[in-house]
Colleague: 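I'd like to ask you about the structure that follows.
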Amino acid sequence: MDLTEMFAERTARMKASEIRELLKLLDQPGIISFAGGIPDPALFPSDAFARAFAQTMEGDQAGSALQYSVSEGYLPLREWLVGEMAKVGVPCSVDNILITSGSQQALDYLGKLFLSPGDTALVNWPTYMGALGAFNPYEPRYDQLSINGNRSADDFKDSAKAETGGRVKFAYLSSDFSNPTGETVDRRGRESLLDLADDLDCAVIEDAAYQALRYDGEDIPPILALEIARKGNLEACRTIYCGSFSKTLSPGLRVGWIVAAKPVISQLVLMKQASDLHSPTLNQIAINAVARACFEDHVSGVRKAYRGRRDAMLAALERYMPNGVEWTRPEGGMFVWLTLPVGVDGADLLALALETQKVAFVPGHAFFADGSGRNTIRLSFSCADEATIEEGMRRLGLALRAAIG
């Protein structure tokens, strides 16, 4: 019996993450990797978590921590998040917040909530490949979201209807230090997106996973904050904000959150109940304790460390990259995006770089909904010290020169 013959048609759109597959190849000795966009474990607040877990497992609280809980999430953590969201211009109540198992679960739920087969999702070219992976099972059509572009709402509507008969359901983007490019959407772009979403009558999914990791420049209000300023209160807003502790405190505990109007949260709670009932209570209690104890001080230290690594990578790129290579200069986050000379394929370059220079990165085409962008690559500076970055960029430069010929 071959059960694969009975799989739902949607499974044909489920693909392995190229990054997850790539990481399996990096155990060779001597490899310098800029592939995994993950936090440096040396920067985790391990001592604070050790204290939090120990305290949680003492006395009566241990029973609650190990028990089933409410689907909306641990109330003290949601109360702390209410205060944090107010700091960035998003006044809300605990009823506007759902705790998720990482922001990846949030994207999966939102794809399930909005997308019927053939509906259109607007995404950047390139965009976060994890978002494409989350949305793909719901069989959307993708169209290119170009911030500050000149396409009209009618053009997007007509394209959606003509190609699949569906409609535009949402625009998805990471507005601060995006994965993979590291770029930030300016205030004008955020306002323009809100105008477009109003004209399309669609949702906006704001992925704020890297918002806390700003190293230069001035903070720009989240899209949700700008919409609240326009419309008066959160309940009138179409923007859905997705936050995460993965880039600041711990990715392994899988704690993220969604902020949205109450009708949206209520429907997402039903999905949560059907999916995993609730995110692990013990993890939420620990995150709450550590966040209240040291969030600002800890994140300040993380910013300092990553700022130095970003600066080292940008300086090394200037020294070692051949002519014709361009790259972004992120104000925060974990990534630098390289555009290679036309004709240089990022996947082919990776194979060459691994074989001859023992240096790794992520080919860029996986971040494009249409599979384009073959002459792009993503570098992550978060897990390498300055000396390793220097040597890695030297090796990458050698591989590139060999590929260009």
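Owing to the predicted nature of the structure, the values given are computational and were not obtained by experimental measurement. Scope of the values below: all heavy atoms of this structure, side chains included, with no hydrogens, waters or symmetry mates.
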Colleague: How about Phe135 and Phe170: are their ring centroids closer than 6.0 Å?
Modeller: yes
Colleague: If you define the side chain from C-beta out and look only at heavy atoms, does anything of Phe156 sit under 4.5 Å from Thr120?
Modeller: no
Colleague: Is the closest side-chain heavy-atom distance between Cys242 and Leu110 below 4.5 Å?
Modeller: yes
Colleague: Checking the side chain of Ser244 only, and the main-chain atoms of Ser246 only, is there a donor and an acceptor separated by less than 3.5 Å?
Modeller: yes
Colleague: If you measure only the distance, is there a donor-acceptor pair under 3.5 Å linking the side chains of Asn96 and Ser93?
Modeller: yes
Colleague: Can you tell me if Asp370 and Trp125 form a side-chain donor-acceptor pair at under 3.5 Å?
Modeller: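 A donor-acceptor contact under 3.5 Å links the two side chains.
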Colleague: Are Lys247 and Tyr210 in a cation-pi contact, defined as NZ or CZ under 6.0 Å from the six-membered ring centre and within 45° of the axis?
Modeller: yes
Colleague: Return the CD1 to CG distance between Ile97 and Leu75, rounded to the nearest 0.5 Å.
Modeller: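 Output value for this atom pair is 10.0 Å.
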Colleague: Going by side-chain hydrogen bond (donor to acceptor under 3.5 Å, both in side chains), Tyr172 matches just one of Asp207, Asn124, Thr127. Which one?
Modeller: Asp207
Colleague: How many angstroms lie between atom CG of Leu193 and atom OG of Ser146, to the nearest 0.5 angstrom?
Modeller: 11.0 Å
Colleague: Okay, side chain of Ser382, backbone of Ile38: is any donor-acceptor separation there less than 3.5 Å?
Modeller: yes
Colleague: Between Arg254 and Asn283, is the side-chain hydrogen bond (donor to acceptor under 3.5 Å, both in side chains) condition met? List the steps.
Modeller: CA-CA 8 Å; Arg254 311 305 303 131; Asn283 293 1; over 6 Å; no
Colleague: Between Tyr109 and Gln104, is any side-chain donor less than 3.5 angstrom from a side-chain acceptor?
Modeller: no
Colleague: Using modelled atom types only, decide if a donor and an acceptor are shared between the side chain of Lys169 and the backbone of Phe114 within a distance under 3.5 Å.
Modeller: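 Checking the backbone N and O of Phe114 against the side chain of Lys169, a donor-acceptor pair under 3.5 Å is found.
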Colleague: Give the C-alpha distance, both sets of side-chain angles, the deciding distance and a yes or no for side-chain hydrogen bond (donor to acceptor under 3.5 Å, both in side chains) between Ser152 and Asp155.
Modeller: CA-CA 5 Å; Ser152 68; Asp155 186 28; 5.4 Å; no
Colleague: Please say whether more than 12 non-hydrogen atoms of neighbouring residues, nucleotides or ligands are located less than 6.0 Å from CZ in Arg230.
Modeller: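 Enclosed: over 12 neighbouring heavy atoms sit under 6.0 Å from CZ of Arg230.
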Colleague: I'd like to know whether Asp198 forms a salt bridge (charged side-chain N to carboxylate O under 4.0 Å, His left out) with Lys231, so could you lay out the CA-CA distance, the side-chain angles of the two residues, the decisive distance to 0.1 Å, and finally the verdict.
Modeller: CA-CA 12 Å; Asp198 282 343; Lys231 297 179 178 176; 3.0 Å; yes
Colleague: Determine, for Asp119 against Arg167, whether the closest basic-nitrogen to carboxylate-oxygen distance falls under 4.0 angstrom.
Modeller: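 Salt bridge absent between Asp119 and Arg167.
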Colleague: Would you call Glu390 and Met313 a side-chain contact if the rule is heavy atoms closer than 4.5 Å?
Modeller: no
Colleague: Dump the intermediate steps for side-chain contact (heavy atoms from CB on, under 4.5 Å) on Val325 and Thr339, then the final yes or no.
Modeller: CA-CA 6 Å; Val325 179; Thr339 302; over 6 Å; no
Colleague: Look at Glu386 together with Arg309 and state whether they make a salt bridge at an N to O cut-off of under 4.0 Å.
Modeller: no
Colleague: Quick check: do Leu338 and Met321 have side-chain heavy atoms less than 4.5 Å from each other?
Modeller: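 Yes, at least one pair of side-chain atoms sits under 4.5 Å.
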Colleague: Donor-acceptor check, side chain of Arg395 to backbone of Ala360, threshold 3.5 angstrom: yes or no?
Modeller: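 Not at all, since once roles are kept as given, no pair shorter than 3.5 Å links the two residues.
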Colleague: Would you say Thr164's side chain and Ala160's backbone share a donor-acceptor pair under 3.5 angstrom?
Modeller: yes
Colleague: Decide whether Asp195 and Ser192 meet the rule of one side-chain donor and one side-chain acceptor closer than 3.5 Å.
Modeller: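 No pair is found: no donor N or O on one side chain lies under 3.5 Å from an acceptor on the other.
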Colleague: Which value, rounded to the nearest 0.5 Å, describes the distance between Lys112 atom NZ and Met271 atom CE?
Modeller: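 Between Lys112 NZ and Met271 CE, I get 6.0 Å after rounding to 0.5 Å.
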Colleague: Using 30° and 60° as the class boundaries, would you call the ring planes of Phe245 and Phe295 parallel, tilted or perpendicular?
Modeller: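 Ring orientation, 0 to 90° scale: perpendicular.
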Colleague: Using a cut-off of 6.0 Å, state whether more than 12 heavy atoms not belonging to Asp60 lie near its atom CG.
Modeller: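 Incorrect, the count does not exceed 12.
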Colleague: Looking only at the side chains, is there a donor atom on one of Glu227 and Thr239 sitting less than 3.5 Å from an acceptor on the other?
Modeller: yes
Colleague: According to salt bridge (charged side-chain N to carboxylate O under 4.0 Å, His left out), who are the partners of Asp199, at least two apart in sequence or on a separate chain?
Modeller: none
Colleague: For Tyr320 and Arg401, which heavy atoms make the closest approach, and how far apart are they?
Modeller: O-NH1, 2.7 Å
Colleague: Is it true that a side-chain atom of Arg310 and a backbone atom of Met334 form a donor plus acceptor pair closer than 3.5 Å?
Modeller: no
Colleague: With a 4.0 Å cut-off, would you call Lys87 and Glu84 a salt bridge?
Modeller: yes
Colleague: To the nearest 0.5 Å, tell me how far Thr181 OG1 sits from Tyr128 OH.
Modeller: 14.5 Å
Colleague: Which pair of heavy atoms, one from Arg190 and one from Asp176, lies closest together, and at what distance?
Modeller: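 Result for this residue pair: NH2-OD1, 2.8 Å.
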Colleague: Keeping Arg319 on the side-chain end and Leu314 on the backbone end, is there a donor-acceptor pair under 3.5 Å?
Modeller: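 Looks like no, no N/O pair under 3.5 Å.
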Colleague: Looking at Phe361, is Arg378 sitting on its ring face, NZ or CZ under 6.0 Å from the six-membered ring centre and within 45 degrees of the normal?
Modeller: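 No cation-pi geometry.
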